[in-house]
Amino acid sequence: MTFKGFTTQLVHCDRLAGVEEGAVHAPIHNSVPYAYAATQDLVDVFQGKQYGHAYARQSTPTLDFLQRKIALLDDSISCLVFGTGMAAIGTVFLTLLKAGDHIVASRFLFGNTSSIFGTLKGYGIEVTLVDATSKQAVAEACQANTKMVFVETIANPATQIVDLVGIGELCQQLGLVYVVDNTLTSSYLFQPKSVGASLVVTSLSKYFGGHGNALGGSVSDTGLFDWSQYPNIFESYRSGDPKMWGINQMKKKGLRDFGGALSSQTAHMLSMGAETMALRMERQCANAQALAEMLDAHPKVAKVYYPGLASHPQHQRAKQLFKHFGALISFDLVDGIDCAAFLDKTQLVLNATHLGDNRTLALPVAQTIYYEMGLAGRQASGISETMIRCSIGIEDSEDLLSDFEQALAQF
Ligand SMILES: *Cc1c(COP(=O)(O)O)cnc(C)c1O
């Protein structure tokens, strides 16, 4: 029997893959080395001729279970997990691009991803940041040495939604690797494969794990990109099924050589957290919609950034592509109300960075997560100096709304 539903698959896939002793959760294998009775078996594992593990920096049985689970949710042929989302993103760029290459990316990006582009420039990789809500802008930025396009689904913090479909068509046409960071939507709200993504990257630290107690990242290969046509695959990885060439290179050059490995202990925590992803996200998205509507109608709020509002510039696009509109809301208070002073008046909302947590978290954007970017960078990214970003949790909606209402009433 095969199960189709998102949560049914998620909570049954471990035991259906056949774990030992009838355990319903995949066990945690903490061993770092893996030993073989016959030396030849170890040799075959090293040479990739036999399935198995050698050293936990590259793989463990527990990581394999998590990878299979994520590949299932991302409708992908393979997946690699990493110690953090940034380790996953860094691996994609540093193992698939080289000096002289060019990448086009959305200008609306997670702050640390923007920062890594600065590093790439130092390595001779050209980066062009564009307003990717328009396919045209991406198309115009492409040049002969362009290898990759990188976008996020819902941009953080101003919630722009890039032209995911149009860019997918463009990448297909030009033979470019299309990388989609699906962290803010998660595989529950959106499948990047449906718009032609080659690789899906996710920070598992956010909605996937959900509880703010474990870091992790993943890269899934949807199987849509033809790696046999990609010039940057090293000779040693040009063997076997070409569909695996990209992921194999990321495993060898990223996990093995850079070492951004996830621990089995943490993989288990992320796996446990993920079981309730759909339940949590249903609640978080409903809470976010209710709060966005309340804030939008409030006289002390100047502007609300949330794709679920009909006034959002890409509302129709979000409606068409995503199951719900996500759980990240940003807003500007009217002139004269200081955002830090406002946040000090909230009681339930935590002053904290991070998102996708079960608890509602908020922070003043320009002074914290986008401080290093500077004023010009913030302006180019559509970030106002007074913006407050909220990651909406699973609290009861009435408690959440009344906390914002009482805080606003004090100004
Ligand atoms: C948090 C985040 C990352 C980085 O993930 P970490 O697990 O914190 O390293 C990357 N992209 C997006 C969109 C994020 O929100």
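In this chain, numbering begins with 1 at the start of the sequence shown. In listed order, ligands and their atoms are each counted from 1. Only heavy atoms go into these numbers, but all of them, side chains included; no hydrogens, no water, no symmetry mates. Keep in mind that this is a model prediction, so the values were computed, not measured.
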Numbered atoms of ligand 1 (with element) below 4.0 Å of [X], judged on heavy atoms:
X	value
Leu184	13 (C), 15 (O)
Ser205	6 (P), 7 (O)
Asp181	10 (C), 11 (N), 12 (C), 13 (C)
Gly216	7 (O)

Check this for me, if you would: do Asp403 and Lys345 make a salt bridge, where the nitrogen-to-carboxylate-oxygen distance has to be below 4.0 angstrom?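 Judged by the 4.0 Å cut-off on N to carboxylate O distance, Asp403 and Lys345 do not form a salt bridge.
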Electrostatic pair Lys243:Asp241 at N-O distance under 4.0 angstrom: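 Salt bridge between Lys243 and Asp241, a charged N being under 4.0 Å from a carboxylate O: no.
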Can you find an N/O atom of [X] closer than 3.5 Å to an N/O atom of ligand 1?
X	value
Thr113	no
Lys206	yes
Asn156	no
Leu215	no

Row check, Tyr237 ring normal vs Lys252 NZ/CZ: under 6.0 Å, within 45°: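 No, Lys252 and Tyr237 do not form such a contact.
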With backbone taken as N, CA, C and O and side chain as the heavy atoms from C-beta onward, which portion of Leu204 lies under 4.0 Å from ligand 1: side chain, backbone, both, or neither?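 Neither; nothing of Leu204 gets under 4.0 Å from ligand 1.
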Hey, is Val201 touching ligand 1 through its side chain, its backbone, both or neither, going by heavy atoms under 4.0 Å?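 The answer is neither; Val201 stays 4.0 Å or more away.
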What is the nearest protein non-hydrogen atom to [atom], stated with its residue, atom name and distance?
atom	result
atom 9 (O) of ligand 1	Met86 N, 2.9 Å
atom 4 (C) of ligand 1	Phe110 CE2, 3.5 Å
atom 5 (O) of ligand 1	Ser203 OG, 2.9 Å

Before we go on, tell me: are the rings of [X] and [Y] under 6.0 Å apart, centre to centre?
X	Y	answer
Phe117	Phe93	yes
Tyr188	Tyr207	no
His315	Phe325	yes

When you measure from the side chain of Asp221 to the backbone N and O of Ser78, does any donor-acceptor pair fall under 3.5 Å?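 Here the side-chain-to-backbone pair does not exist.
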Would the distance check show the side chain of Thr62 and the main-chain N or O of Pro27 forming a donor-acceptor pair, the cut-off being under 3.5 Å?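 Looks like yes, one N/O pair under 3.5 Å.
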Any Gly356 heavy atom less than 4.0 Å from ligand 1: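 Per 4.0 Å heavy-atom rule, Gly356 does not contact ligand 1.
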Between OG1 of Thr146 and NE2 of His102, what distance do you get to the nearest 0.5 Å?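 Result: 4.5 Å between the selected atoms.
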